[in-house]
Amino acid sequence: MGFNLAIDGPAGAGKSTIAKLVASKKGYIYVDTGAMYRGLAVHFIKKGIDPENESEIIAALDSANVNIGYENGIQQIYLNDENITSMLRNEEVGNMASITSAVPKVRAKLLELQRTLAREKDVVMDGRDIGTAILPNADVKIYLTASAMTRAKRRFDELTAKGIPCDINEIAADIEERDRRDMTRETSPLKKADDAFLIDSSEMTIDEVVDEIIKLCE
Ligand code: DC
């Protein structure tokens, strides 16, 4: 059994930035479970599936094989042996992942892959239900959050820096809708595990958050 650090929290809290830095400082492997749900979402989009139609989603699961690999230490997602990593990070895929991840069979499909990685290696795994459902015995659990406005502002700055025009109020509304969906679904909703450390990064720098988590791992 490797060392398991679980980081959960809402969209835009900075989980992946922080988890990657902690992983590289501690020599752990970074596992981004949201990317796995996004990998399945790409499959559903390619098949033209209606995200509200649960039976279509379940039927499409049989033809999806999601796998994870690493190239120069960077996580790659394979869908039926095709590397689809570059297709994962957009709003359409994120929303499809948020809606379809509420389906218990979708979650069940990814559970074993996630647990196997944590059994075999020292990992920082980030997601929504890592501390509560996937790795209930993780060595350290973090619930990383920030106010909805802080998260919207970070996303706004990120898109603006890339020259993508956007509206901060629309981003905030999207984040709030995603939080609502992730926190209110019946199966494995996003919530803080009782034994997780709560870190609110609204007023913290990235380095401060990373240092605090590293201290908790010592
Ligand atoms: O972290 P992310 O934005 O890449 O995740 C996309 C969606 O996947 C998120 O809105 C909810 C779902 N997800 C989940 O249900 N459980 C996880 N462990 C990770 C992500």
Side-chain angles (χ1 to χ4, degrees), residues 4-20 22-23 29-45 49 51-52 54 57-58 61 64 66 68 74-77 79 84-118 123-136 138 141-146 148 150-152 154-155 158-159 171-193 196 201:
N4 292 173
L5 167 60
I7 304 184
D8 291 302
K15 296 185 300 294
S16 66
T17 306
I18 302 290
K20 271 184 214 156
V22 173
I29 287 179
Y30 169 51
V31 182
D32 171 3
T33 62
M36 299 177 187
Y37 286 95
R38 286 172 185 263
L40 282 179
V42 168
H43 179 69
F44 300 140
I45 291 168
I49 279 169
E52 305 295 343
E54 191 166 327
I57 293 168
I58 293 171
L61 278 176
V66 171
I68 171 173
I74 298 168
Q75 178 180 297
Q76 308 291 315
I77 293 286
L79 172 65
I84 55 153
T85 313
S86 64
M87 299 179 198
L88 303 179
R89 311 241 40 113
N90 64 59
E91 300 307 309
E92 185 191 13
V93 172
N95 283 324
M96 179 62 106
S98 175
I99 298 169
T100 55
S101 62
V103 176
K105 285 201 170 147
V106 168
R107 308 199 69 78
K109 177 143 185 135
L110 297 177
L111 182 138
E112 218 26 65
L113 175 60
Q114 293 166 3
R115 285 201 179 143
T116 303
L117 286 161
V123 295
V124 184
M125 191 174 282
D126 83 6
R128 302 293 189 286
D129 62 339
I130 310 306
T132 52
I134 303 296
L135 306 176
K141 298 180 186 176
I142 308 289
Y143 188 85
L144 182 64
T145 189
T150 302
R151 291 183 282 134
R154 287 178 187 160
R155 183 86 184 120
E158 200 179 300
L159 291 171
I171 296 175
D174 195 56
I175 281 183
E176 277 167 24
E177 172 59 11
R178 180 97 68 93
D179 287 354
R180 190 199 55 74
R181 240 190 262 128
D182 294 346
M183 290 174 177
T184 58
R185 67 178 177 227
E186 245 168 69
T187 311
S188 302
L190 168 64
K191 64 170 191 222
K192 180 186 160 301
S201 72

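Start at 1 with the first residue, then count along the sequence. Quick caveat: nothing in here was measured; it's all calculated off a predicted structure. Both ligands and their constituent atoms are indexed starting at 1 by order of listing.
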Closest approach of any protein heavy atom to [atom], naming residue and atom:
atom                    : value
atom 8 (O) of ligand 1  : Tyr37 CB, 3.6 Å
atom 3 (O) of ligand 1  : Arg38 NH2, 2.9 Å
atom 12 (C) of ligand 1 : Ser101 OG, 3.5 Å
atom 19 (C) of ligand 1 : Thr33 OG1, 3.4 Å
atom 7 (C) of ligand 1  : Ala97 CB, 3.8 Å

Does CD belonging to Glu177 count more than 12 external heavy atoms closer than 6.0 Å?
-> yes
Count the heavy atoms belonging to other residues, nucleotides or ligands that lie under 6.0 Å from NZ of Lys192, then report whether that count exceeds 12.
-> yes
[X] and ligand 1 - part of the residue with a heavy-atom distance under 4.0 Å:
X      : result
Met96  : neither
Arg107 : side chain
Arg181 : neither

Below 3.5 Å, N or O to N or O, backbone or side chain included: is there any such pair between [X] and ligand 1?
X      : answer
Asp32  : no
Arg128 : yes
Asp126 : no

Heavy-atom side-chain contact between [X] and [Y] under 4.5 Å:
X      : Y      : value
Arg128 : Lys15  : yes
Ser16  : Asp126 : yes
Ile18  : Leu144 : yes
Lys109 : Met36  : no
Thr33  : Leu113 : no

What atoms of ligand 1 come within less than 4.0 Å of a heavy atom belonging to [X]?
X      : answer
Gly127 : 17 (C), 18 (N), 19 (C)
Arg178 : 3 (O), 10 (O)
Asp182 : 9 (C), 10 (O), 11 (C)

Donor + acceptor pair across side chains of Ser101, Arg181 (<3.5 Å) = no
Which residues satisfy the salt bridge (Lys or Arg N to Asp or Glu O under 4.0 Å) test with Glu112, sequence neighbours excluded?
-> Arg119
